[in-house]
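Only heavy atoms go into these numbers, but all of them, side chains included; no hydrogens, no water, no symmetry mates.
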Amino acid sequence: MSKKLFALSLVSLCVLSSSSFSLISSSSKNIKRAKEERSFEGQVLNIYNSEDYICDTDGDVIGIIDGFEELTGATVNYYTFDTNETMYNQFILQKDAYDLMCTSDYVIQKLVKEDYIQPFNFDNIPSYRDYASPELRKRLSNMIVTTKDGVKKVDDYAVGYMWGTLGIIYDPEYISREDVKSWDVFWNKDYYKQIQVKNSMRDTYVIGIMHAYKDELLTNKEKYLNGEISVDQYSAEIQRIFDLHEKEDIEMVKKELMSLKENIYGFEVDSGKNDIITGKAKMSLQWSGDAVYSIDVALEQADKVLEYAIPEEGSNIWYDCWVMPKGANVELAEAFLDYISTPESAAKNMDYVGYTPFIGGEDIFELALDYYGCREFDEEVWNEVDDAVYKDGDFYYCIKDVDQEGIDVTNEEYFEKMDEEEYPEPFDISYFFGDTLDYPAIIYPYPGCENQLECQYPSEEIISRCANMNDFGDANADVIIMWGEIKAYTNMTPYYVFLISFIGVVGGIAIFFFIKDRTSLRYKRKKTSRK
């Protein structure tokens with residue numbers, strides 16, 4: 001679903017009349033170089049990716065696979081899977097079946113450790129080298145794997161594709177904005193059976209460990225805000241807690257999740273993004289990309305406003321990346337990654353699948369502006385039907401006369417000065433774009449778009465309290481057992497109470513009739529003896 005529809009629902013005038021991709025040049029230097037310098041006629045590239053996770057040809061928009069085939073002459077065999085675990089198991093059975101696979105960070109750690117994939121030569125992937133977010137590459141490089149050959153960096157084996165956070169999507173008509181500032185909300189009895197969480201061992205482990213160590217997490221946050229520790233020290237402390245999976249930690253998480261299970265409606269795999277729209281659930285543990293989808297669809301189809309939040313304790317930041325198995329067609333695989341990592345291709349993917357690419361650059365930033373607001377507030381900012389804001393000197397004006405068509409924004413009689421507190425707040429995401437732009441990445445969001453913008457591009461403050469959950473390593477088996485016990489767990493107390501009550505009632509009735517029968521028998525005996 002194109003998120004362009006969401007922007008148009010808020011901006012009915014013609015400011016966004018052109019297509020999302022009118023900003024995307026089909027004559028990219030990188031694409032030209034690929035066409036002029038590389039020819040893969042007759043070669044085959046085998047790709048393995050998640051379902052619905054790449055731009056397909058749709059009308060005038062040429063999909064990624066079709067575009068690459070047309071550009072290079074290669075044939076792409078494109079296969080899909082539903083979960084990372086399915087992908088891993090299939091790959092183990094057919095290690096020579098794929099040239100590229102897209103999977104999540106913790107699986108990449110496992111593949112590196114088991115020596116199944118090979119590093120990339122990023123000189124052959126200049127689009128990624130030049131346009132990948134410097135912040136994300138730095139974070140990815142901090143992920144390491146200890147192998148028999150020494151310590152290896154995940155960043156050498158991974159080309160970032162999409163990224164996001166794990167948070168709470170909720171309906172603010174039923175769920176308090178104050179309550180979702182903490183993971184405590186999932187244990188809150190006020191929301192009994194209104195909550196869904198992911199049927200995912202890792203994602204649910206996140207909220208279990210963060211709830212268990214809530215006090216320590218908030219203490220570290222306070223130290224960071226007071227300047228007692230640096231942002232790197234703060235992030236390191238969050239990461240340390242995320243990586244706790246000794247037996248006592250697993251047991252602690254187990255207790256947390258057993259109590260959680262008593263309060264929730266249930267676990268879900270992929271239905272949660274629609275259940276929150278229909279009202280089946282009022283709150284759900286959700287990945288940011290699916291949250292963006294839910295917010296879009298709820299507004300478009302149900303006129304419902306949903307919101308997304310990252311609790312103050314912190315949360316998970318995740319990465320989906322491309323990896324290259326040993327024995328792959330290296331040159332063709334790297335050519336594909338160069339093609340998919342151009343800002344043009346990344347913008348197509350962002351508009352098609354709704355998730356946030358690793359890639360920066362002007363095309364991506366312009367698309368974010370197209371969705372959510374404008375770069376500078378002294379441009380016309382259309383926010384609702386026949387409602388505009390503009391700047392003249394140091395003052396801001398909004399429209400006051402909507403009876404005419406074709407309003408001239410230069411005619412001051414149609415406008416009135418705004419109070420300063422009504423001015424839109426700038427949203428700075430320069431930390432993500434870094435040097436992929438020649439100017440600061442600042443957006444003045446349209447009213448109603450602030451939360452969705454932050455969902456797609458979390459602020460630097462939010463990112464500072466997010467960490468990646470590494471592979472469980474040798475503790476994986478113990479966590480799997482724990483998760484199985486959680487899924488099978490049923491709180492038997494109500495049943496025991498019912499059973500005891502039932503036995504008590506039945507026993508009471510039995511005693512009553514026993515006494516009644518004995519009394520009746522004695523009466524009969526006395527009556528007989530008188531005769």
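Around the CD1 atom of Ile241, the shell of radius 6.0 Å holds more than 12 heavy atoms that belong to other residues, nucleotides or ligands. Heavy atoms of other residues, nucleotides or ligands lying less than 6.0 angstrom from OH of Tyr265 number 12 at most. Atom CD of Glu51 is surrounded by more than 12 heavy atoms from other residues, nucleotides or ligands within 6.0 Å.
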Does the side chain to side chain donor-acceptor pair (under 3.5 Å) test come out yes or no for Ser182 and Glu313, once each step is laid out?
CA-CA 7 Å; Ser182 171; Glu313 297 95 323; 2.7 Å; yes
Stepwise side-chain contact (heavy atoms from CB on, under 4.5 Å) test for Ile47 and Val76
CA-CA 7 Å; Ile47 296 177; Val76 176; 3.8 Å; yes
Would Arg240 and Glu216 count as a salt bridge (charged side-chain N to carboxylate O under 4.0 Å, His left out) if you check the C-alpha gap in whole Å, the side-chain angles of each, and the deciding distance to 0.1 Å?
CA-CA 11 Å; Arg240 179 185 64 80; Glu216 187 174 343; 2.3 Å; yes
Would you sort out whether Asp179 and Tyr170 count as a side chain to side chain donor-acceptor pair (under 3.5 Å), showing the intermediate values?
CA-CA 11 Å; Asp179 287 344; Tyr170 65 101; over 6 Å; no
Please assess Val292 against Asp296 for the test side-chain contact (heavy atoms from CB on, under 4.5 Å), listing each intermediate value before the final yes or no.
CA-CA 6 Å; Val292 169; Asp296 276 349; 4.1 Å; yes
Test log, rule side-chain contact (heavy atoms from CB on, under 4.5 Å), inputs Leu111 and Tyr88
CA-CA 9 Å; Leu111 292 171; Tyr88 178 81; 3.9 Å; yes
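Phe472 has its ring centre no less than 6.0 Å from the ring centre of Trp483. In summary, the aromatic rings of Trp322 and Tyr53 are positioned with their centroids too far apart to meet the 6.0 Å limit.
Here Cys55 contributes atom SG and Asp66 contributes atom CG; the two are 9.5 Å apart, rounded to the nearest 0.5 Å. Between Met210 atom CE and Ile207 atom CD1 the span is 11.0 Å, to the nearest 0.5 Å. Leu437 CG to Ile429 CD1: the interatomic distance, rounded to the nearest 0.5 Å, is 9.0 Å.
With Lys304 contributing its side chain and Leu299 its backbone, the two residues share no donor-acceptor pair below 3.5 Å. Between the side chain of Ser235 and the backbone N or O of Val231 there is at least one donor-acceptor pair closer than 3.5 Å. The backbone N or O of Ile175 sits nowhere less than 3.5 Å from a side-chain atom of Lys282 that would complete a donor-acceptor pair. The closest donor-acceptor contact from the side chain of Thr83 to the backbone of Thr86 lies under 3.5 Å. Between the side chain of Arg139 and the backbone N or O of Ala467 there is no donor-acceptor pair closer than 3.5 Å. Side-chain atoms of Glu268 come within 3.5 Å of backbone atoms of Gly272 as a donor-acceptor pair (strictly under, hydrogens ignored). Judged purely by atom type and a 3.5 angstrom limit, Ser430 uses its side chain to pair as donor or acceptor with the backbone of Ala441. Remark: the backbone N or O of Gly164 is not paired with any side-chain donor or acceptor of Ser288 at under 3.5 angstrom. At distances below 3.5 Å, not a single donor-acceptor pair connects side-chain atoms of Lys348 with backbone N or O atoms of Gly63. Formation of a donor-acceptor pair under 3.5 Å by the Ser315 side chain with backbone atoms of Cys466 is not found in this model.
Side-chain contact between Leu244 and Tyr213: present, with at least one pair of heavy atoms (C-beta onward) separated by less than 4.5 Å. Tyr308 places none of its side-chain heavy atoms less than 4.5 Å from the side chain of Pro458. No side-chain heavy atom of Glu450 sits less than 4.5 Å from a side-chain heavy atom of Phe427. Within the 4.5 Å cutoff, the side chain of Asn220 has no heavy atoms near those of the Ile238 side chain. Counting heavy atoms from C-beta outward, Tyr319 and Met143 have side chains that approach closer than 4.5 Å. With contacts defined as side-chain heavy-atom distances shorter than 4.5 Å, the pair Asp56/Asp58 does not qualify. Counting only heavy atoms from C-beta outward, the side chains of Tyr128 and Ile359 approach each other to under 4.5 Å. Side-chain contact check for Met283 versus Phe186: some heavy-atom pair is nearer than 4.5 Å.
Ion pairing between Glu256 and Lys214 fails under the 4.0 Å rule for side-chain N and carboxylate O. Under a 4.0 Å N-O distance rule, the pair Glu251/Lys255 does not qualify as a salt bridge.
The aromatic rings of Phe81 and Tyr48 sit perpendicular to each other, their planes meeting at more than 60°, with 30° as the lower class boundary. Ring pair Phe68/Phe336 is perpendicular by interplanar angle, where above 60° counts as perpendicular and below 30° as parallel. Relative ring orientation between Trp187 and His211 is described as parallel, the plane-to-plane angle staying below 30° on a 0-90° scale split at 30° and 60°.
Side-chain contact annotation: Trp287 with Asp203, donor-acceptor N/O pair under 3.5 Å present. When only modelled atom types and interatomic distance are considered, Tyr355 and Asn349 share no side-chain donor-acceptor pair under 3.5 Å. Residues Tyr78 and Asn49 have side chains that bring a donor and an acceptor to within less than 3.5 angstrom of each other.
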